[in-house]
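Every number for a ligand or one of its atoms is a count from 1 in the order of the listing. Worth saying up front: this structure is predicted, and the values here are computed from it rather than measured. Side chains are part of it too, since the values below use all heavy atoms of this structure and drop only hydrogens, waters and symmetry mates.
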Amino acid sequence: MPSRRQVNAALLAAPFLCSRRARAAARAEVDVAIIGAGAAGLAAAHRAREKGLTARVIEARERVGGRIYTDASLGPAFDAGAFYIHFAERNPWREIALGLGAELVDDNTLWGSFNVFREGRPIPAEERSRRRGAFGRLSDAIDREPPGEDLSFAETARRHAPDLIEAAEAMTLLSLGENADRVSIRDYQALDSGDDLVLPGGYGTLLARYAAGLDIRLGTMVTGIDLSGAVARIESAGGVLTARAVIVTVPLGVLQAEAIRVTPRLPLALVAALDGLRMGALTKVALRVEGTRFGLSPWSQFFDQGRADDLVNFEFWPFDRDIVVAMFGGDFARALAAAGEAAAIEAIRARLVAILGAEAAGRITGGRLAGWSADPLARGAYSVALPGRMTARAALEAPVADLLWLAGEANAGAASMTAGGAALSAIRAVDGIAHRLAAAR
Ligand SMILES: Cc1cc2nc3c(=O)[nH]c(=O)nc-3n(C[C@H](O)[C@H](O)[C@H](O)COP(=O)(O)OP(=O)(O)OC[C@H]3O[C@@H](n4cnc5c(N)ncnc54)[C@H](O)[C@@H]3O)c2cc1C
């Protein structure tokens, strides 16, 4: 226990420390440093401007957008990452798109035919209706779990009826990019839902336009953040930037890999919360197909159930373009992304040819892999909560040392996993910083 003299000395020193901190803060180069120029980083920079704060964004890639990127390298463009503006009614990207005059289309207007295959062969009608029923029964089973229990999708399926496991895998692999034994049912249930909109001009194109006029340093990898002084010091290949506050928007996987050294180390409670989440591996391969449409209308879908977790969903001719976009997830996707672009394209191409027949082989003239799990600046597609860890996200909201705020899709409560959630969490962080800076004056 400290002596009374020590307590008095500390009390007397406190105002001095505060004013020293205020003076040092006044010397910081910017009010807010923002690490990462994805959905969260760009939203944070705009919000800071609205609040009258100076902000600089530091981005490791040579482009903005992060996990939102419109890839036109095949000719017809596709969104390699996010595609839908989910829960559009309250998603900031809808207003941003409208403000920038971008075309928006209601997803409900885009339905084509839907066919289900098993290892390249159409499944019989009765199996198809059994599958449909299984999805409904799985949802009911999840709803019936006692509120306190936070099981995985796979465990919930096993408890109710083993034939639901295949439905559980399909649901988590294609919507979350993760195997069903690693996803919390409660975290999933808590997610926002609503209307979905899509952007024919590309979600990535929208973000690139939204970045215009912001102070962004591209190609600058942040390696360290020092919070031990009165201001945050952000260390990168470009030197040291001092800021009165820092918002870190790098993906969860990048934080978990400790690719950015934080001094002093992040609080244990925060590290434990980060451990409760993991990056799913939703992955896309786009194939350019020329000369025929195989009688399929735009937005038709083929769902191909493989031997195990190697499910692939093919979407044909989005926006009437000569392209097929395949999506898959989990360990199968991780293995393909790790094998590299040529191997992944070949594997997915072979699956499509098995369904469409030999003619397709000559019609596929190019491909692109969006292998987010093998990308060191993403380390996965988006965050899922592990079974039993449904509260992990909330623990990421508190600032660290009154200097560092985390923002991004992993930290967005019921809007997590989405671009909209990333933006909302960034807006919340800037508002928290503005409040603190105003109080410190
Ligand atoms: C295949 C796929 C499909 C998806 N579909 C949808 C969808 O339809 N709708 C939807 O809303 N969401 C979707 N998402 C999720 C959505 O893309 C993300 O939730 C959102 O883009 C995350 O934004 P963010 O700003 O949090 O992170 P990011 O976009 O990852 O931005 C973080 C930035 O930090 C940068 N960075 C990393 N390390 C460093 C470093 N050391 N120094 C400096 N910069 C660094 C990265 O390069 C990146 O630009 C999808 C994602 C994927 C992969």
For ligand 1, which part of [X] has a heavy atom less than 4.0 Å away: the side chain, the backbone, both, or neither?
X      : answer
Ala426 : neither
Thr223 : neither
Leu377 : both

Nearest-contact summary for [atom] - protein heavy atom, Å:
atom                    : value
atom 8 (O) of ligand 1  : Tyr84 N, 2.9 Å
atom 15 (C) of ligand 1 : Met417 O, 3.2 Å
atom 5 (N) of ligand 1  : Ala82 CA, 3.3 Å
atom 25 (O) of ligand 1 : Ala40 N, 2.9 Å
atom 30 (O) of ligand 1 : Arg67 NE, 2.7 Å
atom 34 (O) of ligand 1 : Gly36 CA, 3.3 Å
atom 43 (C) of ligand 1 : Ala60 N, 3.3 Å
atom 47 (O) of ligand 1 : Glu59 OE2, 2.6 Å

Between [Y] and [X], is there a salt bridge with N-O shorter than 4.0 Å?
X      : Y      : value
Arg67  : Glu409 : yes
Glu89  : Arg94  : no
Asp402 : Arg244 : no
Arg90  : Glu95  : no

Under 4.0 Å from any heavy atom of [X], which atoms of ligand 1 are there?
X      : result
Met221 : 40 (C), 41 (N), 42 (N)
Gly65  : 29 (O)
Ile68  : 17 (O), 21 (O)
Tyr382 : 4 (C), 14 (N), 15 (C), 50 (C), 51 (C)
Ile260 : 41 (N)
Ile58  : 43 (C), 44 (N)
Leu282 : 1 (C), 3 (C)
Ala80  : 1 (C)

- Query: Which class fits the ring pair Phe83 and Trp299: parallel under 30°, tilted 30 to 60°, perpendicular over 60°?
  - Reply: tilted

Parallel, tilted or perpendicular: ring planes of Trp93 versus Tyr210, cut at 30 and 60 degrees
perpendicular

Looking at Val64, Val222, Leu406, the heavy atom closest to atom 40 (C) of ligand 1 belongs to Val222

Checking heavy-atom distances from atom 38 (N) of ligand 1 to each of Val250, Leu207, Val198, the winner is Val250

Any non-hydrogen side-chain atom of [X] less than 4.5 Å from a side-chain atom of [Y]?
X      : Y      : answer
Met327 : Thr283 : no
Val400 : Leu270 : yes
Arg393 : Leu277 : yes
Ile348 : Phe314 : yes
Gln305 : Arg131 : yes

query: Does ligand 1 have any atom that is closer than 4.0 Å to a heavy atom of Gly81?
result: yes

- Contact check, Ala259 vs ligand 1, heavy-atom distance below 4.0 Å: no

For [X] and ligand 1, does the shortest N/O to N/O distance drop below 3.5 Å?
X      : answer
Tyr203 : no
Ala39  : yes
Arg61  : yes
Phe83  : yes
Ile35  : no

Here the gap from Glu166 atom CD to Asp309 atom CG, rounded to the nearest 0.5 Å, amounts to 11.5 Å

Between Ala211 and Leu42 the two heavy atoms that sit nearest each other are CB-CD2, 3.9 Å

Shortest non-hydrogen pair, Leu311 vs Phe328, comes out as O-CB, 3.2 Å

Exercise for review: Please assess Phe302 against Phe316 for the test ring pair (Phe, Tyr, Trp, His ring centres under 6.0 Å), listing each intermediate value before the final yes or no.
Suggested key: CA-CA 8 Å; Phe302 282 2; Phe316 289 83; 4.7 Å; yes

**Asked** Has the side chain of Asp79 got a donor or acceptor atom that lies under 3.5 Å from a matching backbone atom of Gly204?
**Response** yes

